[in-house]
Undergrad: 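The structure follows.
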Amino acid sequence: SAAGARVVSTWDFGVGANQVAWKTLSAGGSALDAVEAGARWAESDLCNPTVGRCGNPDRDGVLSLDASIMDGDGRCGSVAALSDIAHPVSVARRVMEQTPHVMLVGEGAQQFAVQQGFERKKLLTPEAEKAWREWLKTAQYTPEINAERRSRPGDSSNHDTLGMLAIDAQGRLAGACTTSGMAWKMHGRVGDSPIIGAGLYVDNEVGAATASGVGEEMIRNAASFLVVELMRQGRSPAEACREAIARVVRKRPEASRTLQVCFLALNKHGEVGAYALHRGFVYAVCDKDRQDDLRDSASVY
Ligand code: SD4
């Protein structure tokens, strides 16, 4: 039975992603298959300007995607700055399963994807292109603290990466993270989402963590690894996320006032916790009792 299974995701569209993942979990499938399926759903979501094919481009008008996947047994794979491929999370899984490497970037990642049978096609939507042309008028890179609700296509809202963590009926953990990164980022910029330990970390012995927000802060603090290590030391998921946020603030108190950073964690007992720098972070929780639970995270500000 799927009694102990559970899946959690960042942001309100995490509800829909969880429901897709739940189909796998409730049928006795693996956490790894579940998070890949959920992340693929987010990547094809027509309304999401920060994940997958409808994402906003970088400052040169190029849509460049980052994604990672990690199994609780330590296997992991990721792609960064990948263009023209609709499902980066699945390419990340192929990197994990079909190569001796963990991370492929840019052209090499795309070449590998095509070799693996992924279709190469231009993804930038007319809405995203229009938003980019609008942005070019001022061309200021000033990431906003996220809107509380789902952003619309062409919205310049920056924080809607999907981070998803799951535990399956057999107690195995897995996670996935997928994003188009910060809108209007520099060409070649890589965020936290494809960096194992920054945007995602999973360890069957302890639990799993993922992040959303301005990725530079997560990379600086090896943040998802930090959250998992804090849980290893005995913190609950919520305490671990809160302490990691405190670390972000201590390191850059001034920047922390204007940047959003959000952590979500799931431990091996299925307990869930979250914490954010600023209010407005919501996360979705799905298990056998409830498949549409959306919760508000606590925050510093
Ligand atoms: C990044 N962390 O590329 C991602 C952006 C994000 O919600 O989380 N958006 O820095």
Side-chain angles (χ1 to χ4, degrees), residues 9-14 17 39 42-43 45 47-52 54-59 62-68 78-83 88-89 92 103 105-106 128 131 141-152 155-165 175-201 209-227 241 244-245 248 252 255-256 258-264 274-284 297 299:
S9 291
T10 53
W11 304 112
D12 48 2
F13 63 89
E43 287 171 348
D45 184 358
C47 291
N48 195 326
T50 52
V51 178
C54 298
N56 282 325
D58 64 23
R59 70 180 189 183
V62 178
L63 177 61
S64 128
L65 306 173
D66 292 344
S68 61
S78 75
V79 288
L82 175 63
S83 285
V89 73
M103 186 172 196
V105 307
Y141 180 76
T142 45
E144 297 162 22
I145 290 173
N146 190 69
E148 292 190 26
R149 289 292 147 224
R150 182 193 192 103
S151 35
R152 297 282 141 226
D155 197 336
S156 66
S157 171
N158 271 320
H159 306 284
D160 288 308
T161 292
L162 179 81
M164 175 179 267
L165 310 170
C177 193
T178 185
T179 189
S180 51
M182 303 301 291
W184 334 132
K185 62 192 175 185
M186 288 176 72
H187 187 59
R189 179 266 190 187
V190 172
D192 59 310
S193 308
I195 297 179
I196 299 301
L200 179 68
Y201 199 72
T210 189
S212 183
V214 179
E216 282 74 9
E217 305 313 309
M218 284 69 113
I219 297 172
R220 213 186 296 286
N221 290 284
S224 290
F225 182 72
L226 174 61
V227 171
C241 291
I245 288 285
V248 170
R252 298 223 304 151
S256 295
T258 55
L259 302 179
Q260 178 62 304
V261 173
C262 317
F263 298 131
L264 176 62
Y275 213 80
L277 251 181
H278 294 268
R279 64 187 295 273
F281 177 47
V282 291
Y283 60 100
S297 167
S299 62

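Both counts, for ligands and for their atoms, begin at 1 and track the order of listing.
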Undergrad: Going by salt bridge (charged side-chain N to carboxylate O under 4.0 Å, His left out), name the residues that satisfy it together with E43, two or more places apart in sequence or in a different chain.
TA: none

Undergrad: Of D192, D66, V214, T10, which has the heavy atom at the shortest distance from atom 1 (C) of ligand 1?
TA: D192

Undergrad: Within ligand 1, which atoms have a heavy atom of G181 less than 4.0 Å away?
TA: 3 (O)

Undergrad: Using a strict 4.0 Å cut-off to heavy atoms of S212, name the atoms of ligand 1 that fall inside it.
TA: 6 (C), 7 (O), 8 (O), 9 (N)

Undergrad: Between E216 and K185 (salt bridge meaning N to carboxylate O under 4.0 Å), is one present in this structure?
TA: no

Undergrad: Does ligand 1 have an atom that lies less than 4.0 angstrom from a heavy atom of R189?
TA: yes

Undergrad: Just to verify, which of S224, C177, P88 counts as forming a side chain to side chain contact (heavy atoms under 4.5 Å, CB included) with S68?
TA: C177

Undergrad: Below 4.0 angstrom from a heavy atom of M182, which ligand 1 atoms are there? Numbered from 1 as shown, please.
TA: 3 (O), 5 (C), 10 (O)

Undergrad: Using distance alone, decide if ligand 1 has a nitrogen or oxygen within less than 3.5 Å of any nitrogen or oxygen in T161.
TA: yes

Undergrad: Side chain to side chain contact (heavy atoms under 4.5 Å, CB included) with N221: which of I245, V248, V261?
TA: V248

Undergrad: Could you tell me if the side chain of W184 sits less than 4.5 Å from the side chain of N56, heavy atoms only?
TA: yes

Undergrad: Sequence neighbours excluded, which residues qualify as salt bridge (charged side-chain N to carboxylate O under 4.0 Å, His left out) partners of R59?
TA: none

Undergrad: Output the list of atoms in ligand 1 that are nearer than 4.0 Å to some heavy atom of G213, sorted by atom number.
TA: 1 (C), 2 (N), 4 (C), 5 (C), 6 (C), 7 (O), 8 (O), 10 (O)

